[in-house]
Number of protein chains: 2
Amino acid sequence: MAKETTTEKKVATATNAPHATRTTRADALRNEDALLEAAKVVFANVGVDAPVREIAAQAGVGVGTLYRRFPTRSDLVVGVFKREVDACAAEAPILANAHPPGEALSRWLKRYCQFIVTKKGLASALHSGDPAFDALPAYFRSNFEPALTDLLAAAAKAGEARHDVDAYDLLRAIGNLASTGGKDGPDGMEHTYRMLDLMIDGLRFGTSR
Amino acid sequence: MAKETTTEKKVATATNAPHATRTTRADALRNEDALLEAAKVVFANVGVDAPVREIAAQAGVGVGTLYRRFPTRSDLVVGVFKREVDACAAEAPILANAHPPGEALSRWLKRYCQFIVTKKGLASALHSGDPAFDALPAYFRSNFEPALTDLLAAAAKAGEARHDVDAYDLLRAIGNLASTGGKDGPDGMEHTYRMLDLMIDGLRFGTSR
DNA sequence: TGATAAACGGAACAATGTTCCGTATTTGGT
DNA sequence: ACCAAATACGGAACATTGTTCCGTTTATCA
């Protein structure tokens, strides 16, 4: 009933058999990681419709292994998406520690742009009607919104950003901005970054109000 | 070397052989029609991803027959889409003859709403990246815009609609309106029709200006 | 009516998602 | 260090499609 966290230790009740559970095997963990990494690469190169076999091959495992971890193609897509969301969101506090607030905000927004651009392929899959993807928008928001909220608050406190911008609005705005100006455009990403700088300047400018 | 166009008619020069070409066989025409009709039904029930075999079965033909007419799944989708566009656009002049201008306009817009709602499934396919669908938006517009323009002009001339509404804008507006309020909603289509009536009233009201 | 081009049906092929199971590896206790 | 059991692995086999091929049937037209 309660969801197990990654390592489920043996049940220590007195009466039970010698060993009720084991830890997840090391190779299993390694393979799960390899699969997600491989899927990320293959999805980027071939698209989200890439054959499962190809992903398994790239990860250096058999399809059986892939399917034990990700019972369905969709599960793999979801896995990659979440992992990327996690990775991107996790950079927010790191950047916040390593740079002054305004700089951290600016850097993270650029990083977010990259996320959006590389996930454009996945984005269309999201609207494909497969119920496996239903939870992703919420996951997206629940990870990114707090991350950006913190960055914004810190920057605002330091007088490096205005106070009246909502994190979610900003996520959407930049999301739209980045998803229309693809990375394959005439000046690839340059246009997107220029527009992003514009928005960031806008954030700073508002400070004086 | 030179690519043949679809129907290479007999060369009608005086000297040639008895019969260079024949007319398209009657059953072929019948089957093409049956296939489009079947596809329309199956797409509506199962979705645009319905198996080709199922469509062939519904049409009462073999898959071979289907593939001679529509060399690719996409071709079939395109065929159904165009046929529906044609059918809907063709009703405009008919309604214009059968009713006073304002009534004709109102009726056609309702018909257009139905088109949009039933084609929602196809709409997502349009954005799937398949280049076979690239021509459809233009086809959509080049058929509907003139049809609605005529209806609007007639209604405006009769004092039953304002003059300052662009046909394309109206198509888009109602398109958005109908595609968000699906037919499966709580009061199925009723909400959409109510909003449509609102817009039509708006068209009429502007008359007084 | 009969010769013939056109069209037909569906078996066969290819690509892909998914399942199954015999084999190999890891773990935990001794 | 060793062993037995649990766990995980690989990839063949299966199921479901899209697509092609070809022997058979049928409509056309002289």
Side-chain angles (χ1 to χ4, degrees), chain A residues 4 6-12 16-35 38-39 42-43 46-79 125 128 130 132, chain B residues 4 6-12 16-35 38-39 42-43 46-79 125 128 130 132:
Chain A
E4 304 284 10
T6 43
T7 51
E8 40 175 348
K9 278 296 159 200
K10 72 166 61 178
V11 255
N16 60 5
H19 47 68
T21 329
R22 289 180 165 186
T23 68
T24 336
R25 271 170 56 166
D27 52 351
L29 293 174
R30 229 179 309 124
N31 283 332
E32 171 158 356
D33 202 71
L35 279 167
V42 173
F43 285 163
V46 190
V48 273
D49 290 332
V52 172
R53 283 163 176 72
E54 188 168 338
I55 296 167
Q58 167 88 18
V61 306
V63 283
T65 301
L66 189 160
Y67 268 90
R68 194 167 324 98
R69 212 84 31 194
F70 304 99
T72 271
R73 257 196 120 279
S74 312
D75 294 320
L76 191 53
V77 174
V78 169
S128 69
D130 188 328
Chain B
E4 306 283 11
T6 44
T7 52
E8 37 176 351
K9 274 298 155 202
K10 74 162 62 176
V11 254
N16 60 6
H19 49 65
T21 328
R22 291 181 166 185
T23 68
T24 332
R25 271 170 55 166
D27 51 351
L29 293 173
R30 226 179 311 124
N31 282 333
E32 171 159 355
D33 202 72
L35 278 167
V42 174
F43 285 162
V46 189
V48 273
D49 290 332
V52 172
R53 285 163 174 71
E54 188 168 338
I55 296 167
Q58 167 88 18
V61 307
V63 281
T65 301
L66 188 159
Y67 267 90
R68 194 167 322 98
R69 210 81 35 192
F70 304 97
T72 271
R73 254 193 123 283
S74 311
D75 294 320
L76 190 54
V77 174
V78 170
S128 70
D130 188 328

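First the proteins, then the strands, lettered A, B, ... as listed; each starts at 1. On a predicted model such as this, the values are computed, not experimentally measured, just so you know.
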Which nucleotide in the list dT27(C), dC29(D), dG17(C) gets nearest to the side chain of Arg22(A)?
dT27(C)

Partners of Ala56(B) by side-chain contact (heavy atoms from CB on, under 4.5 Å), sequence neighbours excluded?
Val61(B), Val63(B), Leu66(B)

Any N or O donor-acceptor pair under 3.5 Å from the base of dT28(D) to the side chain of Arg25(B)?
no

Could you list the residues that satisfy side-chain hydrogen bond (donor to acceptor under 3.5 Å, both in side chains) with Thr72(A), not counting sequence neighbours?
none

Using atom CZ of Arg30(A) as one end and atom P of dT26(C) as the other, report the distance to the nearest whole Å.
7 Å

Any chance the side chains of Asn31(A) and Thr65(A) put a donor and an acceptor closer than 3.5 Å?
no

Hey, is the side chain of Thr24(A) poking within less than 4.0 Å of OP1 or OP2 on dT26(C), counting only N and O atoms?
no

Thr65(A) side-chain N/O to dA8(D) phosphate OP1/OP2 under 4.0 Å:
no

Short of 4.0 Å, heavy atom to strand atom, which residues of residues 53-63 of chain A count as contacting DNA chain D?
Arg53(A), Gly60(A), Val61(A), Gly62(A), Val63(A)

Counterpart residues, side-chain contact (heavy atoms from CB on, under 4.5 Å), relative to Val78(A) (two or more places apart):
Lys82(A), Phe133(A), Leu136(A)

Expressed in angstrom and rounded to an integer, what is the separation of Asn31(B) atom CG from dA7(C) atom C1'?
9 Å

Heavy-atom distance under 4.5 Å between the side chains of Phe70(B) and Val77(B), does that happen here?
no

Sorted by number, residues from residues 67-76 of chain B placing a heavy atom under 4.0 Å from DNA chain C are Arg68(B), Arg69(B)

To the nearest angstrom, the CG-C1' distance between Asp27(B) and dA27(D) comes to 6 Å

Note every stem involving DNA chain C: at least three consecutive Watson-Crick or G-U wobble pairs, i with j then i+1 with j-1, with both distances under 3.5 Å.
C:1-30 with D:1-30

